[in-house]
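All values below were derived from every heavy atom in this structure, side-chain atoms included, with hydrogens, water molecules and symmetry-related copies excluded. Atoms within each ligand, like the ligands themselves, are counted from 1 in listed order.
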Amino acid sequence: MNIAIDGPSGAGKSSIAKLLAKKLNYVHLDTGSMYRCVAYKAILNGIALDDEAALCQMIDDTEITFDSNENVYLDGEDVKNNIRTNEISLAASKVSSLAKVRAKLVARQQDMAKDISVIMDGRDIGTVVLKDAHVKIFLTATSLERAKRRYKQNLENGIISDLDQLQAEIDKRDYQDTHRAASPLKKAEDAIEIDSSTMSIDEVVDTILSIIKKKENAHD
Ligand code: DC
């Protein structure tokens, strides 16, 4: 059984997928972190973020692995924190618009999902990577709500941000993700949409768990 969770930035996909994976004993694959690793390594190596050929060559020479504690290893080095900066978010968005870069990472993601039960989160999981996933969720929230969540998260880390600016950044990334030519973010026809704007994390997890249960019962 594979579970696909797609949706815009900041909708809580990774946190929800992580909790579900623990409860269900599945492997969680956060595909966004793979695009982030590519962007991070490109910057370290002085490769332009729009040089598709050089990026593809670099990817062929790059190992990206995960462990069960949500750590991300780039060529053996734990980069979990390095890839979460604002600079890398923007750079990841750029490299993820390149069709050949996507093709290489999609192939790896499909390979990782082979023979095991995975919960994969990203933008194109239900539409491209795991087209035949048993359960597909499209997780959304209004951009204001997502900005508020980011604001709170920043505050917890001692950073005071500008809510309007956060919302503008989120709107910009949404636009980029939904308007790119290569695999734009969109809800798969057979995905179930959950608007988490007024829901707690636990409520979203419980909703998805009941969707999975229903699906399992339908299979029995
Ligand atoms: O989910 P995230 O913010 O870590 O993703 C980083 C970037 O990668 C974001 O701009 C969207 C892109 N991405 C993608 O295009 N396809 C995926 N499957 C996952 C992420």
What part of D121 sits under 4.0 Å from ligand 1 if we count only heavy atoms: the side chain, the backbone, both or neither?
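No part of D121 is near ligand 1 at this cut-off.
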
Contact partition for S9 relative to ligand 1, non-hydrogen atoms under 4.0 Å
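The answer is neither.
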
Please indicate whether any nitrogen or oxygen in Y35 is less than 3.5 Å from any nitrogen or oxygen in ligand 1.
no

Where is the nearest protein heavy atom to [atom]: which residue, which atom, and how far?
atom                    : value
atom 7 (C) of ligand 1  : A92 CB, 3.9 Å
atom 19 (C) of ligand 1 : T31 OG1, 3.4 Å
atom 20 (C) of ligand 1 : G32 CA, 3.5 Å

With respect to atom 14 (C) of ligand 1, which of Q176, R173, R123, K94 exhibits the smallest heavy-atom separation?
R123

Check each of R102, R84, R36, K13 against atom 16 (N) of ligand 1 and report the one with the nearest heavy atom.
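It is R102 that holds the nearest heavy atom.
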
Not counting sequence neighbours, which residues clear salt bridge (charged side-chain N to carboxylate O under 4.0 Å, His left out) with R150? List them please.
none

Could you tell me, atom by atom, which parts of ligand 1 come under 4.0 Å of a heavy atom of R180?
14 (C), 15 (O)

Go through ligand 1 atom by atom and flag the ones less than 4.0 Å from a non-hydrogen atom of S93.
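Close to S93: 10 (O).
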
Interatomic spacing from CG in L74 to OH in Y40 - rounded to 0.5 Å
7.5 Å

Heavy atoms of other groups near K186 NZ, more than 12 under 6.0 Å:
no

What residue among K172, R36, Q176 forms side-chain hydrogen bond (donor to acceptor under 3.5 Å, both in side chains) with S93?
Q176

With sequence neighbours left out, which residue pairs that include part of residues 5-20 fulfil the salt bridge (Lys or Arg N to Asp or Glu O under 4.0 Å) condition?
none

Between R173 and E169, does at least one N-O distance fall below 4.0 Å, as a salt bridge requires?
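Answer for the salt bridge query: no.
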
Pair S33, K80 - check side chain to side chain contact (heavy atoms under 4.5 Å, CB included), show working.
CA-CA 8 Å; S33 63; K80 187 176 64 184; over 6 Å; no

